[in-house]
Colleague: 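Supplied in structure tokens, the structure appears directly below.
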Amino acid sequence: MFRAVKTDVKFPNQEESILKFWKDNDIYKKSLLLRHGSKPFVFFEGPPTANGLPHPGHCLTRAIKDLFPRYRTMRGYLCNRKAGWDTHGLPVEVEVCKELGIHSKEEIEAFGVEPFIAKCQQSVWRYMREWERVTERLGFWIDLSEAYVTYHQSFVESVWWSLKNLFDRGLLYRGHKIVWWWAQGGTALSSGEVGQGYREVADPSVYVRFPLVDEPNTSLVVWTTTPWTLPSNQFAAVHEGIKYAYCRDPESKDTLIVAADLVQTLGEKIKRELTVLKTVSGSELVGRRYVPPFDYYYSKMGMQLGSLLAGGEQHTQWRVVHADFVTIDSGTGIVHLAPAFGEVDYEVLMAQKAIFAQGQGPGLICAVGPDGKFTSDAPDYQGVWVKDADRPISRSLRERGLLWHQEQYVHDYPFCWRASEDPLIQYPRESWFIRTTAFRDAMLENNSKIGWLPEHIGPGRFGNFLESNVDWALSRERYWGTPLPVWVCQATGKMESIGSYEELLAKPGVQGTEVWLRAKEANPELAEDLKVHKPYIDAVTYQSPFASGARMQRVSEVIDCWYDSGAMPFAQWGYPHTGKEQFESQFPADFISEAIDQTRGWFYSQLAISTMLFGKQPEYPHPFKNCIVLGLMLAEWYESKDGKQRFLTEEDARGALGGDFVQKTGKMSKQLRNYRSPQEIFDRYGADALRWYLFANQAPWNSILYSERAIRDSIPEFMLRLWNVFSFFTIYAEIDGFAGPSEIQGGLDQLDASELARAKTYRPVSDRSELDRWILSELGTTCRDVVGKMDRYDSYGACESLHAFVDALSNWYVRRNRARYWSSDKQDQDKLDAYWTLYECLVVTSKLIAPFTPFLAEALWGQLTSGLAGVRQSVHLCDYPTGDFAASDVLLNERMGLLRQIASLGRSARMDSKLKVRQPLSRVEVTLASDSHIDWLVSHDDIVREELNVKEIHYTSGSSPFVTYSVQPNFRNLGPRVGPLLPKLKAALGAASGAELMDQMSRNGKIVLAIDGKELQLDGQDIQVRLSAKEGWAAAQGKSCVVALNTELTPELIRDGIAKDAIRLIQDLRKRRQCNYTDRIAIKVFTKNSELAQALEANRQLIASETLASNLDVVVLSSESIEVGGSPQCELTELADEQIAIELKVVAGD
RNA sequence: GCGCACGUAGCUCAGUUGGUUAGAGCGCGUCGCUGAUAACGACGAGGUCCGUGGUUCGAAUCCACGCGUGCGCACCA
């Protein structure tokens, strides 16, 4: 038995109770148990950091991450969902520093590394509760209790294992790298941080002469925007393929060498004509020696020679070298190289070093200290901050005649994002790298096999990123992170890597473990996991295998926390120390999803690590097969026009500013607080509303507006419409005592059609009325469509399908069928068919929407199956409907679509002629372009008659007085065949009489035309016929039909219209008097107009039955007033422009 | 500066391998329905498909250039 539900449902409240139901009954666990042993669908959770509050963007990723696992689970897969938390790294340290009111490394050291990391460890859980609440409230089913945590010992050891693997294969190395250095803060910054701080500035740029050693009065001219790097010059670079010109400058005694193509540009710059003396190719310049502008190093090493590996000797530096990156886009085509202060410069140095015998090549020259000030190497500038040295250096060059030209150069330059006055410099720093460049091709190949959504990410953004791969700078000179598991022999400097804590303890002569033990003793609260962290792990040393008596000591660095996240596919299981089985069954992932900012983050770290560790075992792609790359979520807010009041909600703006405000959109910003907390959305509209909005409004990779109004608006168009259908069903099912599946003998499970078919009153679909067959056919089509789309990860398309179905169900099936539910015979088979059909639609729909709006689905399922023994406890324990239970009838769908179109055109025609639907009309003429569906339409004319309230309907596909025909070529067909003749053909067809052409076609089966003397035969497939309504008719036209109304009103039609109006008035009265649906009433109508009375009398039967009136009196009053005795049951109103009074009395309840 | 994406109605977005009348929802306007009822529905107005040029019988769709927006990369000396 069904209980009527209210239409004013409060979704948020309903969701809260469903959350409780899920929790109390362990539904999520059951959904997994149910699929025990099934084919796995593997999902990886990209770990969020829980040391900040979750924001709306996280809701988007979490909603998508929930959708597909739920769907696959219902499709019969086992989808484990292990949560995870990213817990290491600079963001955590920064957060703790803020709390402590410190920020430099010295201050951290002073505070103490030990208490510092203890604070870090605690801080990562600060917002855990909020995260868990948002996760749960959104309906994101994921196993939070089994979450992996990147600081846990097992995770750390797993990372160690992988690093040891790379180390042993020679892929993890220590090297110098040029990093972005914040000199004032004494630390390198990550590329992300650097990217935050770019700003446009004007820097001095100088053109400097480098005189050649072996060619008197001849100089190279180089250009640089960082004069302060000149004292550290080591090479000048040219490109072998570029032509260089020897030129004479009238104001310079030297002959100058610059790129030939730049001679003119440079001449214009200095406003003097440069005369080209000769040109040489770059390769002829390579190897030439020059005198650098400062002799701090040159004076000592200028003559230094080194032995070449290839034999012979060469000067170690201050030579011209070739470099690929040299272009003539700017400067002079000759590049000053200061390897200490530029990454590409540094690479050149390394390459040069490599051609010399060990120890014979050039070293790195660096006249600047880590504090960004010149060292004693450059005594003239010692202690001067590099940027402050630009000016004196230029002056010195000018004084010595080396400065050929100087100008301002405007460009973007990075500054510290936390101290925005401090420019960053590139600076050499020793750090650890992973040789990812050796795997560039492998990563590209692996990438090419990944199913990216949208597709262009693969070859586009991600592929490009891989193409320009550089070795992964792994180490961080910080505190809170996975310690780099490399121990160094204090005597020989030889190193080895350790793959686990146990392995470490098994080393000979281990010492220092007591540091941890003592700390733990002193503070038993300390998490056991901290023992593999700084500073405890640093204390552990062992006997060196490389030199007797020497100790092995860990290097001081921790690693980039992105490595942690990229290692999660195996580290989440502690693999290979533990969890071998889980790893093997849960790798690679079938599906992951994050926003596009993870391209260089988690997507890359995963792919790189996986490719390096596992190669082609298993086959590519791994570690993930499919990835939905989400767009960024944007904020929407309102502000006053003068911009004084900003970041308001729409409501607040309206309240505070009247209508005088503007809507703004932009990036979400924690600082600006330009978005509302997801919790507010949950409380006001519910999680399903948010989910549906996110899924159904655009393809997931588009950026999406987090708009409260849009979220609210997404409710009525789908969820509420479905709920109203459900409510309709329950109202009548209760009235009629429709038993539904409770009458079924034997076991019930998922209420599939086969189970329902066992009910006595359930008839085969083929025996039911056409509308029933139609909606079930649409249902089957929808199931297949949704499944096909979801299998392709097209959630947006699936929502479209679901939306269209709910629309058809609500706005056609239910609307056209209402009368069937009102029939007084409770056992009427047609009525029972209607119930069963609607019931089945609702049951299947609740399953279909379960992954999308899990709460609404659960609410529907719960009430549709209430009291049924044996039925699955939750819709999420059901199998997803695939549509194979009902043969879908494409022809029927098409025909019903046409019928709906005809109804719509009819309404349009009525609108045009201002004839409301309640006024019956005598006749409708429908003219169709083709006769293929006419017989069917004729057999269904009752539907259209009722829908359009007309007495008669007439279909034709032949000539019609309401319609003109025009014939057009079928371009798709004829295009390839007649090509260039098409425009003329089109014109010819247009010029001819449409009716005549159609005549010809029906007589001969073809049309023959001569175009440009060429005869063309067109058959039925080659033309398309268009209809249009002739002027002067109340008609409306669609693509393939025209609907025309006979607008003539006879007295009888007018009477019928009056009756319809009367019915409506009485119904309205019933409602206002709060009659029950089943109450019988007695009606008295008072009027002075006898024609009106006649109209009512003539339709007495109809009015009485429609309004459940057991008595209908029409009283014609002759007196002046129709106000009758002030009876409380009597009401004054208007009917057909006449005043009347209606008295309504309830006679009996049902 | 380079790369990737995007640019379609007032707003948010769809638009299949190019096919000649470009769609949806919201908003707006008009109206209807009234036994789902503080719900619902219909109809309508509204478009130089960013611009220019090209390919083609035919371009929102393909190509080139430009403009604008977003994101990423980058002192390419």
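Note that these values count all heavy atoms, side chains included, but never hydrogens, waters or copies made by symmetry. In what follows, chains carry the letters A, B, and so on, assigned in the order in which the sequence lines appear, proteins first and then strands, with residues in each chain numbered from 1.
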Colleague: Return the value, rounded to whole Å, for the distance between atom CG of A:L634 and atom P of B:U69.
Modeller: 15 Å
Colleague: Can you tell which of B:C71, B:U21, B:U37 lies closest to the side chain of A:Q968?
Modeller: B:U21
Colleague: How are the rings of A:Y821 and A:Y732 set relative to one another: parallel (under 30°), tilted (30 to 60°) or perpendicular (over 60°)?
Modeller: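 The arrangement is tilted - the two ring planes meet at 30° to 60°.
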Colleague: Remember a base hit wins even if backbone is also touched, and classify A:T599 as base, sugar-phosphate or nothing at under 4.0 Å, heavy atoms.
Modeller: nothing
Colleague: Consider the side chain of A:R972, meaning its heavy atoms from C-beta on, and name the nucleotide among B:A36, B:G19, B:A5 that approaches it most closely.
Modeller: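 From the listed options, B:G19 comes nearest.
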Colleague: Contact class for A:K986 (heavy atom, under 4.0 Å): base, sugar-phosphate, or nothing?
Modeller: base
Colleague: Rounded to whole angstrom, note down the P distance from B:G32 over to B:G70.
Modeller: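 So the two P atoms sit 47 Å from each other.
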Colleague: Is there a side-chain contact between A:R818 and the phosphate of B:A36, meaning an N or O under 4.0 Å from OP1 or OP2?
Modeller: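 Yes, such a contact exists.
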Colleague: Considering every strand shown, what is the Watson-Crick or G-U wobble mate of B:C76 when both distances are under 3.5 Å?
Modeller: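 Base partner found: none.
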Colleague: Rounded to whole angstrom units, what separation is found between the CD1 atom of A:I1063 and the C1' atom of B:U34?
Modeller: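 One finds 12 Å between C1' of B:U34 and CD1 of A:I1063, rounded.
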Colleague: For A:K831, does the NZ atom sit with more than 12 other heavy atoms under 6.0 Å from it, leaving out its own atoms?
Modeller: yes
Colleague: Looking only at side-chain atoms of A:L982, point me to the closest of B:G19, B:A36, B:C4.
Modeller: B:G19
Colleague: In the structure shown, which nucleotide is the Watson-Crick or G-U wobble counterpart of B:U61, with both distances under 3.5 Å?
Modeller: none
Colleague: Taking the minimum atom-to-atom distance to the side chain of A:N724, which one of B:A36, B:U34, B:C76 wins?
Modeller: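 Nearest to the side-chain atoms of A:N724, counting from C-beta on, is B:A36.
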Colleague: Pick the closest RNA chain B nucleotide for A:G460 and for A:S1105 by heavy atoms, then say which residue is nearer the 5' end.
Modeller: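 Residue closer to the 5' terminus by nearest nucleotide: A:G460.
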Colleague: Using whole Å, report how far CG of A:L705 lies from P of B:C26.
Modeller: 17 Å
Colleague: How many whole angstroms separate atom CZ of A:F726 from atom C1' of B:U37?
Modeller: 18 Å
Colleague: Can you check the distance between B:G1 and B:G46, where both ends of the measurement are the P atom (answer in whole Å)?
Modeller: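 Looking at atom P only, B:G1 and B:G46 are 41 Å apart.
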Colleague: For the C1' atoms, the ones on B:A59 and on B:C50, what distance do you get once it is rounded to whole angstrom?
Modeller: 16 Å
Colleague: If you measure from the C1' atom in B:G27 to the same atom in B:C13, how many Å do you get, rounded?
Modeller: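 Pairwise C1' distance, B:G27 against B:C13, rounds to 14 Å.
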Colleague: Could you tell me the separation between the OH atom of A:Y821 and the P atom of B:G35, rounded to a whole number of Å?
Modeller: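 My rounded result for the distance is 17 Å.
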Colleague: Might you work through the salt bridge (Lys or Arg N to Asp or Glu O under 4.0 Å) test for A:R815 and A:D807, ending with a clear yes or no?
Modeller: CA-CA 11 Å; A:R815 193 154 63 89; A:D807 180 67; over 6 Å; no
Colleague: Expressed as a whole number of angstroms, how long is the span from A:L720:CG to B:C26:P?
Modeller: 13 Å
Colleague: Can you check the distance between B:C73 and B:C11, where both ends of the measurement are the P atom (answer in whole Å)?
Modeller: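 Their P atoms lie roughly 31 Å apart.
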Colleague: Using the P atom in both, what is the distance from B:C63 to B:A22, to the nearest Å?
Modeller: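 The answer is 23 Å between these two P atoms.
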Colleague: Once you apply a heavy-atom cut-off of 4.0 Å, does A:V222 come out as touching a base, just sugar-phosphate, or nothing?
Modeller: nothing
Colleague: Distance only, no hydrogens: is a donor on one side chain within 3.5 Å (strictly under) of an acceptor on the other, for A:N447 and A:W452?
Modeller: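 Present: a donor and an acceptor within the cut-off.
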Colleague: How about A:F341 and A:W228: are their ring centroids closer than 6.0 Å?
Modeller: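 Yes: the rings meet the under 6.0 Å criterion.
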Colleague: May I ask you to establish whether A:K789 and A:F695 are in a cation-pi arrangement, using a distance under 6.0 Å from NZ or CZ to the six-membered ring centre and at most 45° from the ring axis?
Modeller: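 Checked: cation-pi criterion not met.
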Colleague: Has the side chain of A:R461 got a donor or acceptor atom sitting under 3.5 Å from an opposite partner on the base of B:C71?
Modeller: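 Side chain to base: pair found, below 3.5 Å.
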Colleague: Does OP1 or OP2 of B:G41 have a side-chain N or O of A:R721 closer than 4.0 Å?
Modeller: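 For A:R721, the contact criterion (side-chain N or O under 4.0 Å from OP1 or OP2 of B:G41) is met.
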Colleague: Let's test this: given Watson-Crick or G-U wobble pairing with both distances under 3.5 Å, identify the partner of B:U37.
Modeller: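 Matched B:U37 with nothing under the 3.5 Å cut-off.
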Colleague: Let's test this: given Watson-Crick or G-U wobble pairing with both distances under 3.5 Å, identify the partner of B:A5.
Modeller: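 Matched B:A5 with B:U69 under the 3.5 Å cut-off.
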Colleague: With ring centroids as reference points, do A:F11 and A:Y685 lie under 6.0 angstrom apart?
Modeller: no
Colleague: Once you round it to whole Å, what is the distance between C1' of B:G41 and CG of A:L809?
Modeller: 15 Å
Colleague: Between B:A36, B:C13, B:C57, which nucleotide has the shortest distance from any of its atoms to the side chain of A:Q698?
Modeller: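 Output: B:C13.
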Colleague: For A:T332, answer base if it contacts any base atom (sugar-phosphate contacts may also be present), sugar-phosphate if it contacts only those atoms, and nothing otherwise; contact means non-hydrogen atoms under 4.0 Å.
Modeller: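 No contact.
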Colleague: Among B:U37, B:A5, B:U34, find the nucleotide with the atom closest to the side chain of A:I731.
Modeller: B:U37
Colleague: How would you label the contact of A:T225 with the nucleic acid (heavy atoms, under 4.0 Å): base, sugar-phosphate, or nothing?
Modeller: base
Colleague: Using a 4.0 Å heavy-atom cut-off across all strands, classify A:E343 as base, sugar-phosphate, or nothing.
Modeller: nothing
Colleague: Is there a donor-acceptor contact under 3.5 Å linking the side chains of A:S727 and A:T730?
Modeller: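 Absent: no donor and acceptor within the cut-off.
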Colleague: What interatomic distance, in whole Å, is found between P of B:U48 and the corresponding atom of B:G54?
Modeller: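 Approximately 22 Å lies between the P atom of B:G54 and that of B:U48.
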Colleague: Is the phosphate of B:U12 approached by A:N697 (side-chain N or O, under 4.0 Å from OP1 or OP2)?
Modeller: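 For B:U12, OP1/OP2 do not have a side-chain N/O of A:N697 under 4.0 Å.
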Colleague: Considering every strand shown, what is the Watson-Crick or G-U wobble mate of B:A42 when both distances are under 3.5 Å?
Modeller: B:U30
Colleague: Under 4.0 Å between a side-chain N/O of A:Q919 and OP1 or OP2 of B:G32, yes or no?
Modeller: no
Colleague: With nearest nucleotide decided by heavy atoms, which residue, A:F728 or A:I704, maps closer to the 5′ end of RNA chain B?
Modeller: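 Residue closer to the 5' terminus by nearest nucleotide: A:I704.
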Colleague: Kindly determine whether A:N817 and A:R820 satisfy side-chain hydrogen bond (donor to acceptor under 3.5 Å, both in side chains), including the steps that lead there.
Modeller: CA-CA 6 Å; A:N817 276 306; A:R820 292 168 73 193; 2.7 Å; yes
Colleague: Considering only B:C4, B:C71, B:U37, which nucleotide approaches the side chain of A:S727 most closely?
Modeller: B:U37
Colleague: For the pair made of CG in A:D1061 and P in B:C31, what is the distance, rounded to whole Å?
Modeller: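 In whole Å, B:C31 P and A:D1061 CG are 16 Å from each other.
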Colleague: As a test of reading the structure: which of B:C4, B:C71, B:C26 is closest to the side chain of A:D713, going by heavy atoms?
Modeller: B:C26
Colleague: Please state the C1' separation for the pair B:A5 and B:C28 - nearest whole angstrom.
Modeller: 33 Å
Colleague: Name the closest nucleotide to the A:R600 side chain, picking from B:G19, B:C40, B:C73.
Modeller: B:C73
Colleague: Which nucleotide in the set B:G41, B:A36, B:C57 lies at the smallest distance from any side-chain heavy atom of A:N811?
Modeller: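 Among B:G41, B:A36, B:C57, the one nearest the side chain of A:N811 is B:G41.
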